[in-house]
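So that the names make sense, note that chain A is the first sequence line, chain B the second, and so on, each numbered from 1.
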2 protein chains.
Amino acid sequence: MTTKTNSTLTERQEQRRRRILQVSAHLANRGGFEAVHMREVAELSGVALGTLYRYFPSKVHLLVAIMQEQLQQMHERLRRRPPDAGDPAAAVAETLTRAFRGMQREPRLAEAMVRALTFADRSVSAEVDTVSRLTTAIVLDAMGLTGPPTAEQLSVVRVIEHTWHSTLIAWLSGRASIAQVTVDIETVCRLVTPSRPNP
Amino acid sequence: MTTKTNSTLTERQEQRRRRILQVSAHLANRGGFEAVHMREVAELSGVALGTLYRYFPSKVHLLVAIMQEQLQQMHERLRRRPPDAGDPAAAVAETLTRAFRGMQREPRLAEAMVRALTFADRSVSAEVDTVSRLTTAIVLDAMGLTGPPTAEQLSVVRVIEHTWHSTLIAWLSGRASIAQVTVDIETVCRLVTPSRPNP
DNA sequence: CCCCAGGTTGGAACACGTTTCAGATTCGGG
DNA sequence: CCCGAATCTGAAACGTGTTCCAACCTGGGG
């Protein structure tokens, strides 16, 4: 046996994958999480249902993969044009606020991705972890760290991420206003300023 | 017609409701969110499926109602025996850590409730709001506020709540350790200490 | 050129949340 | 005790995510 069980996808496979993601994002964009029907995704992607499930073992996997893509694009965008704020806290806040504005443009897509992310169970933990690492990288970038982050800083970033996801959920399900989201982001970002009075 | 369309439940109805919640909590406790099957809940509660849906319009409603109950109990418990920490931040942290220990005792039930809470869509927003208010009340209590909270304080409490839910999700789906959860709770609780150096 | 391992297809089937409905039961006022 | 309205029951049926499978296709090794 030669390299047949290769993790590299053939050209057609790569195209299939891309088409699936594209179609799914389109459906998510109109109608959100519940409007993404696996049968419809398969059909519009020109792929059998079984094949769809071979590429993405569940609807949640699929939507998390979309979020992964979006985050990668955003990461690049931010690298190209980083926030210009002065202190790290403001920079992180501006980064997240910018991301939030992006979501306001496509709220249903955002809802689909975030719902999938927080609804994901153990079987998706690897993919969710990837998303988490990407988000962490973005925030750390915004903080303009020099050298590896401390444990304290990692915890702070995690807290920021938690707040980010959860406040988005509240906003997307109509329980929080845009203003509230913005304020909460700024509030939590204050944590990055290491101004704790050590008694 | 006299007051028949009354929001007061009759005795039997109250019992039914209680029975349903009890059975659901039991099922959630073994197996978590996905192990709560509406048909089984109905059967074990001695109630027709249609009736179950009259009491709780969806599985998410049902599980959120359970969380509501648990929070009420916890609130009373905390009133009876408040945390003894010195400063507000430590008190909030201890309160949440105590709640976390409770969840470690019944992780699957916790998973069911928290998953339902974060997966809830607009149709459950009223109930989720109630849960949110309860949580807010608990945290504000722990802070030992004198007088009504400021907008700033409310935002802080919201951020704490966000972190609380989201870190729980991460723990329950195996992506965060107990230590991480604890550290993150303490980190976010530091926000309640208004020690920001105003430059 | 042939062959085979693995991928793809079409479609049926299953699981579970949710809806629906006609008939039986319960409730509270008269 | 009787009545009408609301509620409950039992069961079927629907929608959608997920699984399964037999037949077909593809791509690379011999």
Ranking C/dC16, C/dG7, D/dT7 by distance to the side chain of B/H37, first place goes to C/dC16
So which nucleotide from D/dG27, D/dT19, C/dG17 ends up closest to the side chain of B/Y53?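 For the B/Y53 side chain, the nearest candidate turns out to be C/dG17.
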Whole-Å distance between [N] [atom2] and [X] [atom1]?
X     : N      : atom1 : atom2 : answer
B/M38 : C/dA15 : CE    : P     : 19 Å
B/H61 : C/dG17 : NE2   : P     : 16 Å
B/E34 : D/dT18 : CD    : C1'   : 13 Å
A/E43 : D/dT16 : CD    : P     : 13 Å
A/R17 : C/dT8  : CZ    : P     : 13 Å
A/Q15 : C/dT8  : CD    : P     : 13 Å
A/R54 : D/dT19 : CZ    : C1'   : 13 Å
B/L62 : C/dC16 : CG    : P     : 16 Å

Establish, from distance only, whether the side-chain atoms of B/T163 and A/H162 form a donor-acceptor pair under 3.5 Å. no
Please enumerate all protein N or O atoms sitting under 3.5 Å from an N or O of nucleotides 9-12 of chain C, with distances to 0.1 Å.
from  : atom 1 : to    : atom 2 : distance (Å)
C/dT9 : OP2    : A/A48 : N      : 3.0
C/dT9 : OP2    : A/T51 : OG1    : 2.7

Spatial distance of atom CD (B/Q153) from atom OG1 (B/T136) [nearest 0.5 Å]: 12.5 Å
Using 0.5 Å steps for rounding, measure from the CH2 atom of A/W171 to the CD atom of A/Q104. 5.0 Å
Is there a side-chain polar atom (N or O) of [X] under 4.0 Å from OP1 or OP2 of [N]?
X     : N      : result
B/R12 : C/dC27 : yes
A/Y55 : C/dT8  : yes
A/Q13 : D/dG27 : no

Mind telling me whether B/F119 and A/F33 have parallel, tilted or perpendicular rings, with 30° and 60° as the class edges? perpendicular
Please classify the nucleic acid contact of B/V41 as base, sugar-phosphate, or nothing, using heavy-atom distances under 4.0 Å.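 The residue B/V41 makes no contact with any strand.
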Give one of base, sugar-phosphate or nothing for A/V60, where a contact means two heavy atoms less than 4.0 Å apart.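 Contact class for A/V60: none.
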Is there side-chain contact between B/L168 and B/M103, with at least one heavy-atom pair below 4.5 Å?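 They are in contact (side-chain heavy atoms under 4.5 Å apart), so the answer is yes.
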Passing option when B/S132 is tested against B/R158, B/E127, B/E161, B/H165 for side chain to side chain donor-acceptor pair (under 3.5 Å):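 Only match with B/S132 under side chain to side chain donor-acceptor pair (under 3.5 Å): B/E161.
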Sidechain-backbone polar pair: A/S155 side chain, A/A151 backbone, donor-acceptor under 3.5 Å: no
